[in-house]
2 protein chains.
Amino acid sequence: MTPAPEPGPRWLTESEQDAWYAWRRMFPLVNAEIARDLNQDSGLSEADYDVLSVLGSTDGHRMRISALAELMRWSRSRLSHQLTRMEQRGVVRREEVASDGRGAEVVLTDSGVTMITEAAPLHVESVRRHLLDALAPDQLRTLAEVGEVLRERLGARRKT
Amino acid sequence: MTPAPEPGPRWLTESEQDAWYAWRRMFPLVNAEIARDLNQDSGLSEADYDVLSVLGSTDGHRMRISALAELMRWSRSRLSHQLTRMEQRGVVRREEVASDGRGAEVVLTDSGVTMITEAAPLHVESVRRHLLDALAPDQLRTLAEVGEVLRERLGARRKT
DNA sequence: ATGTGGTTGTTGATGTGTCATCTATAGAAG
DNA sequence: CTTCTATAGATGACACATCAACAACCACAT
């Protein structure tokens with residue numbers, strides 16, 4: 001998927017290639033499995049689940065839309081589209097907020113609360129099955145480490 | 001993104017959570033950066049690049065469509081749509097194949113060859129910048145290892 | 001030759017993500 | 001109060017992925 005016809009100035013070593021290929025394959029593969037489970041078990045997409053689970057763990061099952069977007073690191077646009085779809089299915093509701101005429105909040109409906117409550121334990125099991133249980137403790141630790149390193153590096157780059 | 005309101009039967013330990021969060025964040029984050037670079041440097045999407053780079057490394061810059069789909073682990077449908085878009089931009093061309101009346105091949109146009117040739121080294125640099133150069137050798141090794149473990153486990157599960 | 005089943009590749013519908021753009025409001029400066 | 005800029009959120013156009021359905025063809029049996 002990534003070897004290219006004319007090697008550039010500084011091509012990849014074999015171990016770099018291995019890591020890069022693993023990186024490219026791993027995530028789509030595992031995530032597809034988890035997403036498939038989630039959809040079969042609970043009828044939710046990953047995006048649905050993420051939104052529901054954040055709202056489900058907030059006080060009053062509600063949050064300011066922009067705050068939700070920032071917390072999830074989603075664009076406002078993406079979230080707005082997603083909420084429109086979820087609102088049509090009746091799992092969330094939008095409400096205007098008094099203190100700011102522009103603002104709005106999302107609120108979980110009862111149906112939404114039920115959904116996330118039932119979906120969560122199944123999802124956790126699925127994550128175990130497809131990822132966590134497959135890996136040794138030191139591999140899990142390295143994953144977390146790597147995540148940290150990459151996040152920091154990205155943050156540093158952002159300021160530049 | 002994944003703590004949920006009502007703990008299930010077997011909730012995640014702290015280190016499992018760390019690994020799981022890292023997993024969920026890492027990939028979209030890094031890939032978005034790489035995709036952005038690719039688009040700015042070369043005007044290509046990741047899908048474009050993947051198709052071009054495979055074709056670019058084949059003999060005659062051509063391949064049977066179904067073989068390409070299988071090699072890339074894409075559905076025929078996905079590839080067909082992608083090829084339609086790429087054909088409209090003139091970077092690939094479809095050709096009927098004599099030996100099988102159903103079949104077709106994709107061929108890189110000259111413009112396509114130029115594109116992947118110019119894009120490849122920049123893309124490699126980008127991958128280094130955002131991923132490889134940030135990680136220690138043993139972290140890279142663990143990534144490759146983890147990829148291998150997960151791939152095997154998935155294969156085993158498939159047969160069940 | 002004819003039917004049957006499997007393969008190749010395309011298509012249209014639908015769901016989703018991104019980008020640019022828009023409206024409405026907030027908030028500060030004059 | 002007006003004007004200017006920033007922010008919240010929605011929207012429409014487009015790129016992309018998935019799914020189900022489809023036409024055309026192959027292979028092989030009868």
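In the text below, chain A, chain B and the rest are named by the order of the sequence lines, each starting its count at 1.
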Trainee: Would you kindly compare Asp100(A) and Arg85(A) by the position of their nearest DNA chain C nucleotide and give the one closer to the 5′ end?
Mentor: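 Checking each residue's closest nucleotide, the 5'-ward one belongs to Arg85(A).
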Trainee: How many angstroms lie between atom CE of Met115(B) and atom CG of Leu44(B), to the nearest 0.5 angstrom?
Mentor: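 Atom-to-atom, Met115(B):CE and Leu44(B):CG are 6.0 Å apart.
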Trainee: OP1 or OP2 of dG9(D) sitting under 4.0 Å from any side-chain N/O of Arg64(A)?
Mentor: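 Checking Arg64(A) against dG9(D): at least one side-chain N or O falls below 4.0 Å of OP1 or OP2.
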Trainee: Contact class for Arg94(B) (heavy atom, under 4.0 Å): base, sugar-phosphate, or nothing?
Mentor: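 If one applies the 4.0 Å heavy-atom cut-off, Arg94(B) turns out to touch the sugar-phosphate alone, with no base involved.
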Trainee: How far does CZ of Arg94(B) sit from CD1 of Ile65(B), to the nearest 0.5 angstrom?
Mentor: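 Reported to 0.5 Å precision, the distance equals 5.5 Å.
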Trainee: The test is side chain to side chain contact (heavy atoms under 4.5 Å, CB included); show your working for Asp48(A) and Met86(A) and say whether it passes.
Mentor: CA-CA 8 Å; Asp48(A) 294 334; Met86(A) 293 176 76; 3.7 Å; yes
Trainee: For the pair Phe27(A) and Phe27(B), name the ring-plane relationship: parallel under 30°, tilted 30 to 60°, perpendicular over 60°.
Mentor: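 Parallel: the ring planes of Phe27(A) and Phe27(B) meet at under 30°.
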Trainee: Which nucleotide wins on minimum distance to the side chain of Ser66(B), given the candidates dG9(C), dG9(D), dG17(C)?
Mentor: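 Of the options given, the side chain of Ser66(B) lies nearest dG9(C).
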Trainee: Starting from C1' on dT25(C), measure out to CD1 on Ile65(A) and report it in whole angstrom.
Mentor: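 It works out to 15 Å between those atoms.
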Trainee: Axis-to-axis angle across the helix from dA1(C)-dT30(D) to dG30(C)-dC1(D), five pairs an end, to 10 degrees?
Mentor: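 One end's axis against the other's: 10°.
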Trainee: Report the distance from atom CD1 of Ile34(B) to atom CH2 of Trp23(A), rounding to the nearest 0.5 Å.
Mentor: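 Output value for this atom pair is 7.5 Å.
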Trainee: Nearest whole Å is fine: how far is dT11(C) P from Leu79(B) CG?
Mentor: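 Spelled out: CG on Leu79(B) to P on dT11(C) is 13 Å.
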Trainee: Roughly, in whole Å, what's the span from CZ in Arg89(B) to C1' in dC14(D)?
Mentor: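 Atom CZ in Arg89(B) sits about 13 Å away from atom C1' in dC14(D).
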Trainee: How long is the gap from CG on Leu55(A) to CE on Met63(A), to the nearest 0.5 Å?
Mentor: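 These two atoms lie 6.0 Å from each other.
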Trainee: Take the protein atom CG of Asn39(B) and the nucleotide atom C1' of dA20(C), then report the distance between them rounded to whole Å.
Mentor: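 Going from Asn39(B) (CG) to dA20(C) (C1'), I get 15 Å.
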Trainee: Rounded to the Å, how far apart are Glu70(A) CD and dT7(D) C1'?
Mentor: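 Roughly 12 Å, once rounded to whole Å.
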Trainee: Can you name the nearest heavy-atom pair linking Trp11(B) to Arg128(A), along with the distance?
Mentor: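 Scanning both residues, the minimum pair turns out to be O-NH2, 2.7 Å.
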Trainee: With respect to the phosphate group of dG17(C), does any side-chain polar atom (N or O) of Gln82(A) fall under 4.0 Å of OP1 or OP2?
Mentor: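 Yes, Gln82(A) has a side-chain N/O under 4.0 Å of OP1/OP2 on dG17(C).
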Trainee: Do other residues, nucleotides or ligands put more than 12 heavy atoms under 6.0 Å from Asp138(A) CG?
Mentor: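 Count over threshold, so yes.
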Trainee: Round to a whole Å and report the spacing from CE of Met72(B) to C1' of dC16(D).
Mentor: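 Atom CE in Met72(B) sits about 13 Å away from atom C1' in dC16(D).
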Trainee: Does CD belonging to Glu70(A) count more than 12 external heavy atoms closer than 6.0 Å?
Mentor: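 No, not enclosed.
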Trainee: Both Ala98(B) and Arg76(A) contact DNA chain D. Taking the nearest nucleotide for each, which residue is further toward the 5' end?
Mentor: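 This one resolves to Arg76(A).
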Trainee: Pick base, sugar-phosphate or nothing for Ser80(B), based on heavy-atom distances below 4.0 Å to the nucleic acid.
Mentor: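 If one applies the 4.0 Å heavy-atom cut-off, Ser80(B) turns out to touch a base.
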Trainee: Can a donor-acceptor pair under 3.5 Å be found between the side-chain atoms of Ser77(A) and the base atoms of dT11(D)?
Mentor: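 Answer is yes: a donor-acceptor pair is held.
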Trainee: From CZ of Arg78(A) over to P of dT21(C), roughly how many Å is that when rounded to an integer?
Mentor: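 The distance from CZ of Arg78(A) to P of dT21(C) comes to 22 Å, rounded to the nearest Å.
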Trainee: Can you measure Leu68(B) atom CG to dT8(C) atom C1' for me and round it to whole angstrom units?
Mentor: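 These atoms are roughly 14 Å apart.
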Trainee: Enumerate the residues from residues 101-108 of chain B whose closest heavy atom to DNA chain D is under 4.0 Å, giving them by residue number; use none for an empty result.
Mentor: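 Result for residues 101-108 of chain B: Gly101(B), Arg102(B), sorted by number.
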Trainee: I'd like to know if His81(B) reaches the base of dG12(C) with its side chain such that a donor and an acceptor end up less than 3.5 angstrom apart.
Mentor: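 When only heavy-atom distances are counted, His81(B) does reach the base of dG12(C) through a donor-acceptor pair under 3.5 Å.
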Trainee: Looking across every strand, which nucleic acid part, if any, lies under 4.0 Å from Ser45(B) by heavy atom: base, sugar-phosphate, or nothing?
Mentor: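 The answer is sugar-phosphate, as Ser45(B) gets under 4.0 Å only of primed atoms, P, OP1 or OP2.
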Trainee: Find the distance between CG (Asp37(A)) and CG (Leu122(A)) and round it off to the nearest 0.5 Å.
Mentor: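 Result: 9.0 Å between the selected atoms.
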